[in-house]
Amino acid sequence: MSKILSLYNSLYEMYGPQGWWPLLELHGKKGCNPTKSGSIKGYHPDDYSYPKNKRQQFEICIGAILAQNTSWPNVEKALINLKDKRLLDAEKIISASDKMLSDAIRPAGYFNQKTKKLKIFSKFYKSLKGKTPSRGDLLNCWGVGPETADSILLYVYKQPEFVVDTYTKRILREMKIITSRHSYDDIKSLFEDDLSKDYKLFQEFHALIVEHAKRLKR
DNA sequence: AACCAGGACGTGA
DNA sequence: TCACGTCATGGT
C-alpha cells in the first residue's frame, strides 16, 4: 500500500468521517456533529448528500473565500453576519455597498480584499447560471487561487479535485514525502495519481488532514 | 504578547 | 518562475 493511502486509512481510523463542508443550516439539527470545537455545528459525518440546494452551494463558495488564511471560527462569525443581514446571496452581495459588506465580514480579516473578492465572485457565480465551472474558469476569477478553486470544485460540485493546504504540505514534509519547493500542482497530483478519483474519498481525506493538524496543536 | 489561521495577489529580480 | 511584502481579525 502506498504511503498516501495508508495515511488516509490511519487518519480515518483515528478520527472517523468528518462531515465536511460545515453548513450554517445544520446548526442544531440532529445528525450534525455537536462536538466539533469552536465552529459551526454544521458537520454531517458520513453523509455526502450535501450541499442540497443552491443556497448551500453558494454558502460554501463564500465560506471558501472567507477562509483564506483565516481560522474557521472567524469565518463562522462573518457567515452568520452575512446571513443575519440577508447577504448570503449573489445578487444581494453585488448590490450591497462596500461598507455594508466589509462591515459584515470584518471578523474574517482582510475585509477590504475579501469584499472585492466576494463581489467579483458573485458576478462570476451568477454568470454560471447553475452550471459547474471548470477549474480554469475559477482560477481566472480574481481572488480565487488554486486551493479555493479546488475546495469549491470538491465540496460544492463534487468534482474529484484534491485540495492542498498548508496542513497538507506540513504533514507531507514531516513524512519526508516532499521537501519544500514543491508546487501546489505537484502536491495535488501526488495525491490524485495515487487515489481513485472518488469525490467522497477526496472530501474525507482533506477534512481529516485539517482535523489532524488542528489536534496536534492542542 | 507574539504568533498564526482551512491564501491570493502584486512586485521586483 | 520565485521569493517576499501586503492584507487584518481574533485564538492561544
Side-chain angles (χ1 to χ4, degrees), chain A residues 7-8 11 15 17-24 33 36-45 50-51 59-82 98-99 101-122 124 133 135-156 161-174 178-188 191 202-218:
Chain A
L7 171 63
Y8 175 77
L11 288 179
Y15 306 124
Q18 296 299 300
W20 272 44
W21 186 282
L23 290 162
L24 288 177
N33 186 346
K36 286 280 184 186
S37 64
S39 44
I40 299 174
K41 310 298 190 293
Y43 299 88
H44 41 88
Y50 292 94
E59 179 189 324
I60 295 174
C61 293
I62 297 310
I65 292 171
L66 292 177
Q68 291 171 1
N69 200 39
T70 301
S71 63
W72 188 256
N74 287 1
V75 176
E76 167 189 303
K77 294 184 180 76
L79 284 174
I80 290 174
N81 287 343
L82 287 173
D98 284 3
K99 184 182 186 313
L101 242 191
S102 60
D103 216 41
I105 67 172
R106 186 170 301 267
Y110 308 105
F111 50 83
N112 288 316
Q113 286 193 356
K114 284 175 179 174
T115 292
K116 195 192 302 182
K117 290 179 182 182
L118 292 193
K119 290 213 165 194
I120 291 174
F121 182 83
S122 294
F124 167 76
R135 190 168 190 268
D137 289 339
L138 285 164
L139 291 176
N140 282 333
C141 187
W142 187 89
V144 177
E147 187 188 336
T148 306
D150 288 332
S151 295
I152 290 173
L153 288 169
L154 181 60
Y155 289 104
V156 176
E161 301 283 350
F162 201 88
V163 178
V164 177
D165 64 348
T166 53
Y167 295 143
T168 312
K169 296 172 187 169
R170 182 184 307 167
I171 289 180
L172 288 192
R173 216 176 298 133
E174 287 169 358
I178 62 170
T179 59
S180 58
R181 181 174 297 121
H182 278 78
S183 71
Y184 182 94
D185 290 327
D186 287 342
I187 302 170
K188 176 181 167 68
F191 285 89
F202 284 22
Q203 287 186 348
E204 209 59 81
F205 205 159
H206 173 66
L208 284 166
I209 287 172
V210 174
E211 178 63 18
H212 182 59
K214 282 179 177 173
R215 293 210 192 188
L216 289 183
K217 304 195 66 169
R218 313 174 212 154

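Letters go in sequence order (proteins before strands), and every chain restarts at 1.
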Using atom [atom1] of [X] as one end and atom [atom2] of [N] as the other, report the distance to the nearest whole Å.
{"X": "Asn74(A)", "N": "dC4(B)", "atom1": "CG", "atom2": "C1'", "answer": "11 Å"}
{"X": "Asp165(A)", "N": "dA5(B)", "atom1": "CG", "atom2": "P", "answer": "10 Å"}
{"X": "Trp142(A)", "N": "dG7(B)", "atom1": "CH2", "atom2": "C1'", "answer": "12 Å"}
{"X": "Glu211(A)", "N": "dA5(B)", "atom1": "CD", "atom2": "C1'", "answer": "15 Å"}
{"X": "Glu76(A)", "N": "dA5(B)", "atom1": "CD", "atom2": "C1'", "answer": "15 Å"}
{"X": "Arg215(A)", "N": "dT12(C)", "atom1": "CZ", "atom2": "C1'", "answer": "18 Å"}
{"X": "Asp185(A)", "N": "dC2(C)", "atom1": "CG", "atom2": "P", "answer": "12 Å"}
{"X": "Tyr184(A)", "N": "dC9(B)", "atom1": "OH", "atom2": "P", "answer": "13 Å"}

Practice task
Can you tell me, in whole Å, how much space there is between the P of dA8(B) and that of dG10(C)?
Solution key: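 Rounded to whole Å, the distance is 22 Å.
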Problem - Atom P, compared across dG5(C) and dC4(B): separation rounded to whole Å - result: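 Pairwise P distance, dG5(C) against dC4(B), rounds to 15 Å.
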Do any side-chain nitrogens or oxygens of [X] fall under 4.0 Å of OP1 or OP2 in [N]?
{"X": "Arg170(A)", "N": "dC4(B)", "value": "no"}
{"X": "Trp72(A)", "N": "dC4(B)", "value": "no"}
{"X": "Thr148(A)", "N": "dA8(B)", "value": "yes"}
{"X": "Lys77(A)", "N": "dA8(C)", "value": "no"}

With heavy-atom distances below 4.5 Å as the criterion, would you say the side chains of [X] and [Y] are in contact?
{"X": "Tyr110(A)", "Y": "Ile105(A)", "answer": "no"}
{"X": "Ile120(A)", "Y": "Lys117(A)", "answer": "no"}
{"X": "Glu59(A)", "Y": "Trp21(A)", "answer": "no"}
{"X": "Leu138(A)", "Y": "Phe121(A)", "answer": "yes"}

Practice task
Could you tell me which non-hydrogen atom of Trp72(A) sits nearest to which non-hydrogen atom of Gly63(A), and how far apart they are?
Solution key: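 Residues Trp72(A) and Gly63(A), closest heavy atoms: CZ3-O, 4.2 Å.
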Handout entry: Asp165(A) side, atom CG; Arg170(A) side, atom CZ - distance, nearest 0.5 Å
Key =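 CZ of Arg170(A) is found 9.0 Å from CG of Asp165(A).
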Handout entry: Atom pair OG1 (Thr70(A)) and CD1 (Ile65(A)), whose distance is rounded to the nearest 0.5 Å
Key =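 Nearest 0.5 Å value for the OG1-CD1 distance: 12.0 Å.
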Exercise for the section: Look through every strand shown and name the nucleotide pairing with dA13(B) as Watson-Crick or G-U wobble, where both distances are under 3.5 Å. Expected result: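 Paired with dA13(B), as far as the under-3.5 Å criterion goes, is dT1(C).
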Exercise for the section: Report the nucleotide, chosen from dA5(B), dG10(C), dA8(B), that has the shortest atom-to-atom distance to any side-chain atom of Asn69(A). Expected result: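 Output: dA5(B).
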Problem - Candidate nucleotides dC9(B), dT9(C), dG7(B), ranked by approach to the side chain of Thr166(A) - the nearest - result: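 Looking only at side-chain atoms, Thr166(A) lies closest to dG7(B).
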Exercise for the section: For dG11(C), measure the glycosidic angle (O4'-C1'-N9-C4 for a purine, O4'-C1'-N1-C2 for a pyrimidine) and name it syn if it falls within 90° of 0, otherwise anti. Expected result: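 Because its glycosidic torsion lies within 90° of 0, dG11(C) adopts the syn conformation.
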Exercise for the section: Remember a base hit wins even if backbone is also touched, and classify Val163(A) as base, sugar-phosphate or nothing at under 4.0 Å, heavy atoms. Expected result: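 Here Val163(A) touches no strand at all.
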Handout entry: Donor-acceptor under 3.5 Å (Asn81(A) side chain, Ala104(A) main chain)
Key =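 Such a contact is found between Asn81(A) side chain and Ala104(A) backbone.
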Practice task
Pull out every residue in residues 103-114 of chain A that has a heavy atom closer than 4.0 Å to any atom of DNA chain C, ordered by number, or say none.
Solution key: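 When residues 103-114 of chain A is checked for heavy atoms under 4.0 Å from DNA chain C, the hits, listed by number, are Arg106(A), Pro107(A), Gly109(A), Tyr110(A), Phe111(A), Asn112(A), Gln113(A).
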Handout entry: 5' priority, DNA chain B, between Val144(A) and Thr70(A) [closest heavy atom]
Key =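 Nearest nucleotide further toward 5': that of Thr70(A).
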